[in-house]
2 protein chains.
Amino acid sequence: MARTGRKPTIKDLAQAAGTSPATASLVLNGGWKDHRINPDTAERVLQLAQSLGYRPNQRARALRLNRSSLAGLIVPHHRNRFFAGLTEHFEAESHMRGLIPLVASTQRDARIEQKLADTMIAQEVEFLVLAGTEEPARINALCREAGIRCVNVDLPGGLGFSVVTDNHGGARDLTRRLMGGLAPETGALFLGGRRNEYATEARIDGFRAALAESGRDPDASAIHCCGYSPQAACDTMAAIFARGGEIPKALLVNSITAFEGFARFWQAHASDLPDLRVACFDWDPFAACLPIETIMLRHDVETLIARCFAWFDGAAPRDGEIEVIPARVVVDDTQPGATVALYRSQQT
Amino acid sequence: MARTGRKPTIKDLAQAAGTSPATASLVLNGGWKDHRINPDTAERVLQLAQSLGYRPNQRARALRLNRSSLAGLIVPHHRNRFFAGLTEHFEAESHMRGLIPLVASTQRDARIEQKLADTMIAQEVEFLVLAGTEEPARINALCREAGIRCVNVDLPGGLGFSVVTDNHGGARDLTRRLMGGLAPETGALFLGGRRNEYATEARIDGFRAALAESGRDPDASAIHCCGYSPQAACDTMAAIFARGGEIPKALLVNSITAFEGFARFWQAHASDLPDLRVACFDWDPFAACLPIETIMLRHDVETLIARCFAWFDGAAPRDGEIEVIPARVVVDDTQPGATVALYRSQQT
DNA sequence: GTCACCTGCTAAAAGGATTTAGCAAATCTC
DNA sequence: GAGATTTGCTAAATCCTTTTAGCAGGTGAC
């Protein structure tokens, strides 16, 4: 008789079906044909599993099989479309492989990041994706030690495999469009990000390359890497404005957070500003609705994540290799009738 | 001798320390004082655990202790500040309790929702929060059967405990501010959400109550519940506009997604529109920067999640009870110098 | 009748940690 | 020095599932 008041175990199920736990297990896991279990017996077990509401204990199963069935993702936070997109595609790809996604955010706090990584490793995730992590090398090393496959997204690290957006090409294309049709003497300003950070430096290079292409002096343009806080970007713009109003007509904003700071600044000073044209290395649906000439680019989050899983699925380990994914221009209000709003009709 | 090439187990550790696994376990779990383990032995075990890099197998531990240490959250998606905020606070509260947060998004697909709930229950999460789920009753019932504590957030269900934003009061306050100073004959329009859905109906009631208060006829105002897609909201506005331009000066928008649709409409027709004043039952930093007179309200995500965990922590089970959390007005551009941007300085 | 083979199942051993009951040796008591 | 007590530890059971090796009983071949 099955113990009452408790979740049924495979023993209860076996007892009810008049078989051994081994038989029940074989039936439930589909291996019963190879093991010459009588179809009648199999049917009986299946029926009873249903009617008893038997659910295998996942922890016992994982222990025996030595598989955690967990896939980990560490992101800075969920408050923009880039990270939200990474998370959602990561969930989808995990589910497709029967893995349970374990998503955690660091709030850009190094201690939290370390703790989360420790937790993920302690849980023996089968796969770990580090997105937007500035110093992934240490966590990469821990993973290697623990035998866990690990990929860096967006900011590549020294160890293992990385997948990044084409920062140079994206910034170059954005800048080309940004400057298109503007007088040759028009200067440009670069706002946001951190100096010496991989992505930011690559974007600055792309920005300069496009300026040089169009016969402009790349060194004449101002680079203001004021970090990732909206407030800092807003303050930086305000400081430039206060120093005599030398706001260039064209602006390349390095991230959506910096763009948020710019939008605040713009809101406060719109009437005093010249006509601006702004490009942003990121996308947000509301930002795209501001009445400013805007070009926005969207990281191809789907492909970024897909490439991580493709590597996990079996491509040979490629140490130090960086795979570059092109970005997509999503909104371009400066070119009438052009590539507008690929994603505007997206359901949310 | 410890087996080489494998992760050390507690047996390896015990062997290295010259003790039994039982002793090692007692030392590692802090119960060694009660069990009269010699401090020298304890010290030796601890040292060796460190130097061997011993990490307990979490699955074996969870099996023995019959605890999953998992806390589940199901949300529709991560693409707005409300759900992103719920997720982040859920993560924080989980970590504070030594639980591992398992966050999953349904993309508003009922089948995915059911699958996720099944997974969560199969994993025996110790606590499950259902946010923005339209029909939580079935999942509530499954949880009850499995002995899992379950809370509904935002959309309450028939079973168990729910925590919701003060929809009626919030909409009433928003509407009061929205209509403040406007001529008594000014009408208002309600946009977005679904009829017969708890939150939407409560907000419509609040909206009407505030209109009645100010001597207006609540039945004269148009209610357009066009769902949660931006496109539908945009189309609805465009249809009203096309039917003769009868766009009222005041608009209450039911969600940030509907507001996204409104913003698209506004972008396309700004020059042909009268001066608008818009209130939104939700908040987004970019939306708050649009050059429209705007009032936004922010769900108190922190408190919503805190109350869920407070209940989980031990308050008596309260069946069918709904706890109501006040919302906060965050941005009010219609009242110069008023409560502006409580959250604008937030780091992102 | 013996041997080989097939059929349908089961016993038992992992997998790694935790915990209870209790053992042997040392120390104390008088 | 016998009995009681304390000290410091361990054996073994337990959590639940999966899987391997193999057992009994039946059938067929000759």
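By convention in this document, chain letters (A, B, ...) are assigned in the order of the sequence lines, proteins followed by strands, and residues within each chain are numbered from 1.
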Engineer: Counting heavy atoms from C-beta on, name the nucleotide in C:dC9, D:dT10, D:dC16 closest to the side chain of A:N57.
Structural biologist: D:dC16
Engineer: Using a heavy-atom cut-off of under 4.0 Å over every strand shown, decide if B:N66 touches base, sugar-phosphate, or nothing.
Structural biologist: nothing
Engineer: What's the CG-P distance between A:L13 and D:dT17, to the nearest Å?
Structural biologist: 9 Å
Engineer: For B:S20 and D:dT10, is the shortest distance between a side-chain N/O and OP1 or OP2 below 4.0 Å?
Structural biologist: yes
Engineer: Whole angstrom is fine here: how far is it from CD in A:Q15 over to C1' in D:dC16?
Structural biologist: 15 Å
Engineer: Donor-acceptor pair, distance only, cut-off 3.5 Å: does the side chain of B:T23 make one with the backbone of B:T19?
Structural biologist: no
Engineer: What is the distance, rounded to the nearest whole Å, between atom CD1 of A:I37 and atom P of C:dC6?
Structural biologist: 17 Å
Engineer: For B:R36 and D:dT5, give me the distance from atom CZ to atom C1', rounded to whole Å.
Structural biologist: 10 Å
Engineer: Closest nucleotide of DNA chain D for B:T19 versus for A:L26: which of these residues is on the 5' side?
Structural biologist: B:T19
Engineer: Rounded to the nearest angstrom, tell me the gap between atom CZ in B:R67 and atom C1' in D:dT14.
Structural biologist: 16 Å
Engineer: With distance as the sole criterion, is a donor-acceptor pair present between the side chains of B:T303 and B:D300 under 3.5 Å?
Structural biologist: yes
Engineer: Would you say B:S25 reaches C:dT19's phosphate, i.e. side-chain N/O to OP1/OP2 under 4.0 Å?
Structural biologist: no
Engineer: Could you tell me the separation between the CZ atom of B:R55 and the C1' atom of C:dA17, rounded to a whole number of Å?
Structural biologist: 16 Å
Engineer: So, are A:E134 and A:R108 salt-bridged, with charged N and O less than 4.0 Å apart?
Structural biologist: no
Engineer: Check this one for me: any side-chain N or O of B:T23 less than 4.0 Å away from OP1 or OP2 of D:dC9?
Structural biologist: no
Engineer: Examine the base of D:dT17 for any acceptor or donor lying under 3.5 Å from a partner atom in the side chain of A:R64, and report the outcome as yes or no.
Structural biologist: no
Engineer: Using atom CD of A:E124 as one end and atom C1' of C:dA17 as the other, report the distance to the nearest whole Å.
Structural biologist: 13 Å
Engineer: Between D:dT17 and A:N29, is there an OP1 or OP2 to side-chain N/O distance shorter than 4.0 Å?
Structural biologist: no
Engineer: Between C:dC9, D:dG8, D:dT18, which nucleotide gets closest to the side-chain atoms of B:N38?
Structural biologist: D:dG8
Engineer: Kindly state whether the ring of A:F83 and the ring of A:H78 have centres lying under 6.0 angstrom apart.
Structural biologist: no
Engineer: When you measure from the side chain of B:A22, which nucleotide among D:dA12, D:dC16, D:dC9 comes out closest?
Structural biologist: D:dA12
Engineer: Whole angstroms only, please: what is the CZ-P distance between A:R59 and D:dT18?
Structural biologist: 14 Å
Engineer: Verify the contact: side-chain N or O of B:Y54 to OP1 or OP2 of C:dG16, cut-off strictly under 4.0 Å; return yes or no.
Structural biologist: no
Engineer: Nearest to the side chain of B:L63, which nucleotide is it out of D:dC15, D:dA12, D:dG8?
Structural biologist: D:dC15
Engineer: Within the structure shown, what part of the strands sits under 4.0 Å from B:L65 by heavy-atom distance: base, sugar-phosphate, or nothing?
Structural biologist: sugar-phosphate
Engineer: Is the shortest side-chain N to carboxylate O distance from A:R59 to B:E124 below 4.0 Å?
Structural biologist: yes
Engineer: Judged by modelled atom types alone, do B:S69 and B:R67 share a side-chain donor-acceptor pair under 3.5 Å?
Structural biologist: yes
Engineer: Give one of base, sugar-phosphate or nothing for B:R61, where a contact means two heavy atoms less than 4.0 Å apart.
Structural biologist: sugar-phosphate
